[in-house]
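Heads up: the structure comes next, in structure tokens.
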Amino acid sequence: MLEGKNLHKSYGDAKILNGIDIKIEPGTITTVIGPSGCGKTTLLRALALLSPPCSGEVCIDDRIFEFPGAASEKISMVWPEVTVVFQQLFMWPHLTLRENAMLPLQSRGVDGAHKVVEDLITELGVIEFADRYPNEVSVGQRQLGALVRALALEPKYLLLDEVTSALDVEYIALVLGRLKKLRDCGVGILIVSHLLQFARNSADQVVFLVGGEVVERGPAPILDNPSTKRLAGFLGRVVEAENGDYSSSVII
Amino acid sequence: MGGLLVTLKLSSIVWSVGIVVGSTLGALGAQYRRVVGVPSKVISVVLAGMPILVLLFWMHYPMQSFLGIVVNPFITAAVTLSFVNMVMVADHIRGIINDFPRQYLDAARACGVSRRDTIFRIQLPILLRQIIPGLLLIQVSVFQMTIFASLISVDEVFRVSQRINAQIYRPVEIYTLLAAFFVVACVPLHLLAHWLKARFTRDYSER
């Protein structure tokens with residue numbers, strides 16, 4: 001299990017995470033939702049130990065990292081068992097999408113790396129633009145490339161930050177279908193997303209963040225029956241935005 | 001022909017010293033910001049405010065007078081221009097290393113890429129693609145600066161041209177030939193720099 005306990009993170013005076021507890025069980029999908037700036041990406045980076053929390057504890061199966069003070073050499077051992085697809089993707093610009101996916105496997109000396117990458121490239125429909133550089137493809141195509149890079153690593157815990165934001169419905173269905181398959185294979189998935197329908201259909205746990213705190217959490221039905229006004233308000237505004245009505249939009 | 005050889009010899013020294021020492025200083029400046037980076041940035045800012053010609057004259061007259069020594073003008077020019085090149089190269093390289101998007105390294109960490117592969121297969125290739133075009137353009141500028149050496153009596157190509165002109169008075173032919181020499185030497189380097197930039201420098205913005 002990937003678990004964050006009492007996670008705190010600040011940048012200067014700004015508190016971004018304020019005592020968050022979260023658990024991601026293997027073989028489950030956790031969806032994190034919340035307004036912009038609520039700490040979703042910071043939480044994801046803290047759990048992946050890329051930007052370790054100022055205080056708190058991150059447990060990855062039987063390994064416990066206590067902050068402050070966890071040794072960076074030990075932290076580096078968790079990647080790519082825990083891996084991330086970033087919102088901005090960060091595909092290496094001098095390599096094609098195919099080379100981006102190949103490099104981590106080659107670096108780790110994975111046998112059959114070529115086949116693993118080619119299978120994913122075919123499955124996710126990347127084949128037509130796999131030999132293009134990241135600046136030569138659309139954001140959506142880059143998102144698919146970044147997913148291929150992450151999935152090829154066969155992580156135990158996969159953390160995804162808004163990775164479907166630029167995909168059309170057909171590709172979203174393809175990607176989400178793949179994520180469900182991964183879940184069924186025992187991968188623990190955390191996805192930061194505004195796709196409420198996906199969360200309703202597939203999430204085992206929904207976590208609603210506001211101001212660096214968990215305001216509400218529970219199984220997917222909380223999206224239809226929220227117990228807090230904040231979540232109800234947020235969901236209402238998301239629905240309005242999806243319908244093109246921004247008249248009652250206010251910052252939560 | 002003698003002037004041409006002096007110019008090429010002077011340029012070779014200035015290029016070699018500037019690139020080797022400047023690159024080292026730039027890399028060290030990015031790594032050790034307080035000890036190396038800040039002092040070299042200060043030198044760079046001071047140098048940016050000083051005309052090269054003034055620096056060259058200052059190194060040739062006041063400095064030597066102050067130290068009570070007389071140095072061959074060729075050596076003075078070589079040292080001064082190498083110093084200028086070194087500072088410009090260090091500034092260029094330090095800036096590019098400091099601006100390197102750290103997120104690419106985060107992506108490498110998250111993907112479990114080894115430290116060695118992160119340096120040699122991600123960081124260095126991206127950095128070199130950014131560094132080389134600008135470095136070539138700096139070397140073109142420095143090559144053109146070598147004509148200032150004529151003003152402290154170094155017999156490089158410009159001074160020799162002036163002397164020949166003083167003897168035979170054919171300014172149109174002589175200075176046109178001189179201009180052609182610089183064009184032939186500099187334009188290909190310029191074009192190469194632009195080609196390298198267009199060919200290998202990727203758009204980081206990921207539009």
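Chain letters run A, B, ... following the sequence lines, proteins first, then strands; residues in each count from 1.
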Enclosure of [X] [atom1] (heavy-atom neighbours >12, cutoff 6.0 Å):
X         : atom1 : result
Tyr61(B)  : OH    : yes
Lys23(A)  : NZ    : no
Met1(A)   : CE    : yes
Arg63(A)  : CZ    : yes
Tyr175(B) : OH    : yes
Tyr11(A)  : OH    : yes
Asp184(A) : CG    : yes

Legend entry - Between Leu103(A), Leu105(A), Leu159(A), the one whose heavy-atom pairs under 4.5 Å with chain B are most numerous: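 Between Leu103(A), Leu105(A), Leu159(A), the count favours Leu103(A).
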
Legend entry - Pairs of heavy atoms under 4.5 Å with chain A: top-ranked of Val113(B), Asp117(B), Ile122(B):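 Of the options given, most contacts go to Ile122(B).
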
Legend entry - chain A contacts, top residue of Pro125(B), Ala107(B), Ala108(B), Ala110(B) (heavy-atom pairs, under 4.5 Å):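 Most heavy-atom pairs under 4.5 Å with chain A: Ala110(B).
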
Contacting region of [X] [heavy-atom separation from chain B under 4.5 Å]:
X        : value
Leu50(A) : both
Val82(A) : backbone
Leu49(A) : backbone

Legend entry - Minimum heavy-atom distance between Cys111(B) and Arg149(A), given as atom pair plus value: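 Smallest interatomic distance, heavy atoms only, reads SG-NE, 3.8 Å.
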
Legend entry - Least distance between heavy atoms, Trp92(A) atom then Tyr104(B) atom: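 The answer is NE1-O, 3.0 Å.
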
Inset, instruction - For Phe86(A), check ring-ring contact (aromatic ring centres under 6.0 Å, His included) against everything at least two apart and list the hits. - result: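 Counting only residues at least two positions away or on another chain, Phe86(A) forms a ring-ring contact (aromatic ring centres under 6.0 Å, His included) with Phe90(A).
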
Inset, instruction - Could you tell me whether the side chain of Ser107(A) and the main chain of Ser114(B) form a donor-acceptor pair under 3.5 Å? - result: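 Confirmed, Ser107(A) side chain pairs with Ser114(B) backbone.
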
Inset, instruction - Would you check if the side chain of His94(A) reaches a backbone N or O of Arg121(B) as a donor-acceptor pair within less than 3.5 Å? - result: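 Indeed, once roles are kept as given, a pair shorter than 3.5 Å links the two residues.
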
Inset, instruction - With rounding to the nearest 0.5 Å, note down the distance linking CH2 in Trp79(A) to CG in Asp106(B). - result: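 The CG atom of Asp106(B) is 8.0 Å from CH2 of Trp79(A), to the nearest 0.5 Å.
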
